[in-house]
2 protein chains.
Amino acid sequence: MARPPLRISASDQKRIEQAISEVEENGGMIRRSFESYYDDDFDVSWEVDAAVDAFSIFSSKWTIEILATLYIAGDRRFNEMRALLRGISSRTLSDKLTTCVQNGLVDRVVEDGPPIRVIYRLTGHGREAGRLLSPLVAYMKLHQGHVVGPK
Amino acid sequence: MARPPLRISASDQKRIEQAISEVEENGGMIRRSFESYYDDDFDVSWEVDAAVDAFSIFSSKWTIEILATLYIAGDRRFNEMRALLRGISSRTLSDKLTTCVQNGLVDRVVEDGPPIRVIYRLTGHGREAGRLLSPLVAYMKLHQGHVVGPK
DNA sequence: AGCAGGTGCATTTTATACACTAAATGCCGC
DNA sequence: GCGGCATTTAGTGTATAAAATGCACCTGCT
């Protein structure tokens, strides 16, 4: 059940930390680009609003995980995803994949057989989101202890 | 209720897209650093597991939004956050802030008054997560239409 | 009275467990 | 070379549990 502790070679860790520190500057740059809006409080609230809106697709269980899975593991079939995302119910996976498809993050590709197989694949938009997510995954993997309390 | 459409100057947009494209390469770099694990299927499943684990703190409603809010808007008090995150109930905000504090993403700073005020502030860890999140916010803001269906 | 920072609790929304389906394929004996 | 049975694939249906919401309420301060 428990995963063995993360072991990353010193050189890999260095590369990951280098990548993260570069993102750090990019993040700062993006934040600075927002600062033109910082003149009064209304603009801050507008920015937060826009961010909440941008994240609305991610702020439910499994959406981020599905994206990360397809980004890490490449195209996968329904039951493969279910096995990778241990613990997800087929009901929930089905629902979440549908909303990912509806929101243009994932394509549902039917490969005509026989046997007919259905492959889930990131769209360009989804792959971009996965890419932008990956430094955060790397950082959390390196620096997060385990999660406390109810989430 | 509805936010006015996003208006970003051409130069700001260019800077944001530049930043995103740099992250894109960093993301690729991080992904390549994972590829040492790609030898067999077990390792892919191990990676996905680790990513799911890393995201577990974010895969509930409002956690990401709280982080993004504190990152964008800086230190804020309880009722200020509630106003910024329109729609969150005080019950939920209270619970989520508690788990963010427990997980070392946010500090609860009591400023002794009178009047006593409580300020929520990103920890180093939380600020880093916010930074790494910000390119994704920027990308989603630029490229996402609005969200379809139940989330 | 009014604000600040929350709790308590009933209701609604989301996610889970788990049984089940339908079409296709594989293998076994005969 | 065919019937029967199990298995795989991609999901649905439905009851229950967990998470989020609405709204009333509380204490301490001015």
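Order of the sequence lines fixes the chain letters, A, B, ..., with proteins taken first and strands second; residue numbering starts at 1 for each chain. For clarity, every value in this text was computed on a predicted model and none was experimentally measured.
Listed by first and then second residue, the salt bridge (Lys or Arg N to Asp or Glu O under 4.0 Å) pairs that reach into residues 116-127 of chain B are B/Asp75-B/Arg121, sequence neighbours excluded.
At the phosphate of C/dT14, neither OP1 nor OP2 sits under 4.0 Å from any side-chain N or O atom of A/Trp62. OP1 or OP2 of C/dA15 sits under 4.0 Å from a side-chain N or O of A/Lys96.
With sequence neighbours excluded, the residues forming a side chain to side chain contact (heavy atoms under 4.5 Å, CB included) with B/Ser89 are B/Arg91, B/Thr92, listed by chain and number. Residues passing the side chain to side chain contact (heavy atoms under 4.5 Å, CB included) test with A/Ser90, sequence neighbours excluded: A/Phe78, A/Arg82. Taking the side chain to side chain contact (heavy atoms under 4.5 Å, CB included) definition, one finds that B/Asp107 meets it with B/Val109, B/Thr123, sequence neighbours left out. Every residue two or more places apart in sequence or in another chain that forms a salt bridge (Lys or Arg N to Asp or Glu O under 4.0 Å) with B/Arg77 is listed here: B/Glu80.
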Exercise. What is the per-nucleotide protein-contact pattern of nucleotides 4-13 of chain C, from the 5' end, where B denotes a base atom under 4.0 Å from a protein heavy atom, S denotes such proximity for sugar-phosphate atoms only, and - denotes neither?
Worked result: SBBBBB----

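Without hydrogens or angle criteria, A/Asn103 side chain to A/Thr99 main chain gives a donor-acceptor distance under 3.5 Å.
The separation between A/Ile88 atom CD1 and C/dT16 atom P is 7 Å, rounded to whole Å. Computed from coordinates, the A/Glu111 CD to C/dA24 C1' distance equals 16 Å when rounded to whole Å. Rounded to whole Å, atom P of D/dA10 lies 13 Å from atom CG of A/Leu84. Atom CD1 in A/Ile66 sits roughly 10 Å away from atom P in C/dA15 (whole-Å rounding). Atom CG of A/Leu85 is separated from atom P of C/dA17 by 13 Å (rounded to the nearest Å). Protein atom CG of B/Asp112 is 13 Å distant from nucleotide atom P of D/dC29, rounded to whole Å.
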